[in-house]
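Below: one structure, written as C-alpha cells.
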Protein chains: 2
Amino acid sequence: MSSERISDAELTIMEILWERAPLTATDVAARLPHDREWSLPTVKTLLSRLLSKAAVEHRADGRRFLYSPLIGREDYVAHESKRLVDRLFGGKFMPLFAHLAEQENLSDADISEIERLLQEMKS
Amino acid sequence: MSSERISDAELTIMEILWERAPLTATDVAARLPHDREWSLPTVKTLLSRLLSKAAVEHRADGRRFLYSPLIGREDYVAHESKRLVDRLFGGKFMPLFAHLAEQENLSDADISEIERLLQEMKS
DNA sequence: ACCTTCCGACTACAACTGTAATCGATTCGA
DNA sequence: TCGAATCGATTACAGTTGTAGTCGGAAGGT
C-alpha cells in the first residue's frame, strides 16, 4: 500500500521510527545517525512529508506530536526489493540471485547456509 | 564509476542503448516501449542529461549524433543492487536472499536450479 | 502578568526529474 | 532555389527532494 515513494532522507527517519516509536520530532532528531545530523526544522519537514504520504501518523501529546510508522518495514523492504527486481531483472528472481551470488563471492560457509535455507523451504 | 544517479526515465533510454548501439535520438525514440511513448524532444533532453552525467557518449555522423552507452549494464546493475543491499539490508547479502526466497515462494525446480548454481561456485 | 522558550505550520530555495515547446541552422525534395 | 522537414541547443515549467529559516501561539518560569 501507499505507493508514494519514500525518499532517501525520509527513509532515514523511518528507520528511526521502526526501531522505536512513538517519538516526538525532537526525539527523532536526537537519534539521527552521526553522518546525518540535520537541524530540527529539517527533521520536522521530513516528518510532515511522511505524514502527507501516509507513511507515518501522529497523535497529539499535550502540545506536541508523537509519531509512529504507518507502514511496516517488512512491507517497505518487500516493495523496494520488488521494484529493483522489476527494474533491472525483468521481474525475475533467478537472474538477481545469480548476479548477487557472483557479485558477493560467497564463501563455502555462506553456500552451506543457503543450502540449509533451501532445504527448509522444500515442500 | 560515474556516481551520478541515473533516473527512471533515463534508465529507459539506457536500456534501449544497451540493447543496440550506436543509435540516433530518433532511433532511440522509435524503440521506446509502448508504455513510454515520449516525444522526440523528451528523448533528446534525456540523452543530453545522460551525456552530462557521462553515462553515454556521442559521435557526430553528418549532422546528427550517434549515441552509445559509456557505462555497462553490468556495472549499473551491480551498483544499484549494492545500493539496495546497503540501504535495506545493512549491506549483508544473506538477509536479502532470505527475504527474496521467502517472498518469491520458490518452486522445487527453482530450488534445484539454485543448488546447481551453488555447486558450480564451490571452490 | 511578562518574558523566554519550544512547538507546529508555513515559507524558501536550489537541484533534480518528467515532460515538452521553441528556435536557429541545415539539408533535402521539388 | 525555395519551402519543408529535421537536428541539436536552449528554454520552460511543475513536482519532488534535501536542507533549512521564520512566525505566531502556547507553556512555563518568576
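The structure displayed is predicted, hence computed values, not measured ones. The sequence lines fix the lettering, A, B, ..., with proteins before strands; numbering per chain opens at 1.
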task: Check the side chains of B:Glu115 and A:Gln119 for a donor-acceptor pair under 3.5 angstrom, ignoring hydrogens and angles.
output: yes
- line: Here the distance between atom C1' of D:dT19 and atom CD1 of A:Ile13, to the nearest Å, is 12 Å
- request: Could you state the atom-to-atom distance from CG of A:Asp61 to C1' of C:dG8 in whole Å?
  value: 14 Å
task: Check whether any side-chain heavy atom of A:Ile13 lies under 4.5 Å from a side-chain heavy atom of A:Ile6, and answer yes or no.
output: no
message: Output the rounded distance in Å from CG (B:Leu46) to C1' (C:dT17).
response: 9 Å
message: With rounding to the nearest 0.5 angstrom, report the OG1 to CZ distance, B:Thr26 to B:Arg64.
response: 7.5 Å
statement: From the list A:Arg5, A:Arg36, A:Lys53, A:Arg49, salt bridge (Lys or Arg N to Asp or Glu O under 4.0 Å) with A:Glu10 holds only for A:Lys53
query: Between B:Arg5 (CZ) and D:dT16 (C1'), how many Å, whole number?
result: 14 Å
query: Are any of A:Lys53's side-chain N or O atoms less than 4.0 Å away from OP1 or OP2 of D:dG15?
result: no
message: Of the options C:dT17, D:dG8, D:dT19, whose atoms approach the side-chain atoms of B:Glu10 most closely?
response: C:dT17
- prompt: Of the nucleotides D:dT17, C:dG8, D:dT19, which has the atom closest to the A:Arg64 side chain?
  reply: C:dG8
query: Under a 4.0 Å N-O cut-off, is there an ion pair linking B:Asp8 with A:Arg83?
result: yes
message: Between the base of C:dA20 and the side chain of B:Ser39, is one N or O donor paired with an acceptor at under 3.5 angstrom?
response: no
message: So, does A:Thr26 get its side chain near the phosphate of C:dC7, meaning an N or O under 4.0 Å from OP1 or OP2?
response: yes
Distances under 3.5 Å between protein N/O atoms and the N/O atoms of nucleotides 23-30 of chain D, please, pair by pair.
residue: D:dG25; atom: N2; partner: A:Arg63; partner atom: NH1; Å: 3.3

message: Between C1' on C:dA9 and OH on A:Tyr67, what's the gap in Å once rounded to a whole number?
response: 10 Å
Shortest non-hydrogen contact from A:Met94 toward B:Ile114: SD-CG1, 3.6 Å
- line: With the side chain defined as heavy atoms from C-beta on, B:Asp8 is closest, among C:dA21, D:dG21, C:dG18, to C:dG18
query: Is there a side chain to side chain contact (heavy atoms under 4.5 Å, CB included) between A:Arg73 and A:Met14 once you walk through the steps?
result: CA-CA 8 Å; A:Arg73 189 172 198 283; A:Met14 291 304 289; over 6 Å; no
- prompt: Looking at D:dG8, C:dA20, D:dG18, which one has an atom nearest to any side-chain atom of B:Phe65?
  reply: D:dG8
query: Any idea which of D:dG18, D:dA20, D:dC7 is nearest the B:Lys44 side chain?
result: D:dC7
- prompt: Counting just side-chain N and O atoms, does B:Thr42 come under 4.0 Å of either OP1 or OP2 of C:dT19?
  reply: no
message: Does any part of the side chain of B:Glu15, heavy atoms only, come nearer than 4.5 Å to the side chain of B:Arg31, both counted from C-beta?
response: no
- request: Rounded to the nearest angstrom, tell me the gap between atom CE in A:Met14 and atom P in D:dT17.
  value: 14 Å
Atom pair distance, as rounded to whole Å: CG in B:Asp35 and C1' in C:dG18: 15 Å
task: Go through the N and O atoms of the side chain of B:Arg49 and the base of C:dT19, and report whether any donor-acceptor pair is under 3.5 Å.
output: yes
query: Can you tell me how far C1' of C:dG8 sits from CG of A:Leu51, to the nearest Å?
result: 11 Å
- prompt: Is A:Ser7 near enough to D:dG18 that one of its side-chain N or O atoms lies under 4.0 angstrom from OP1 or OP2?
  reply: yes
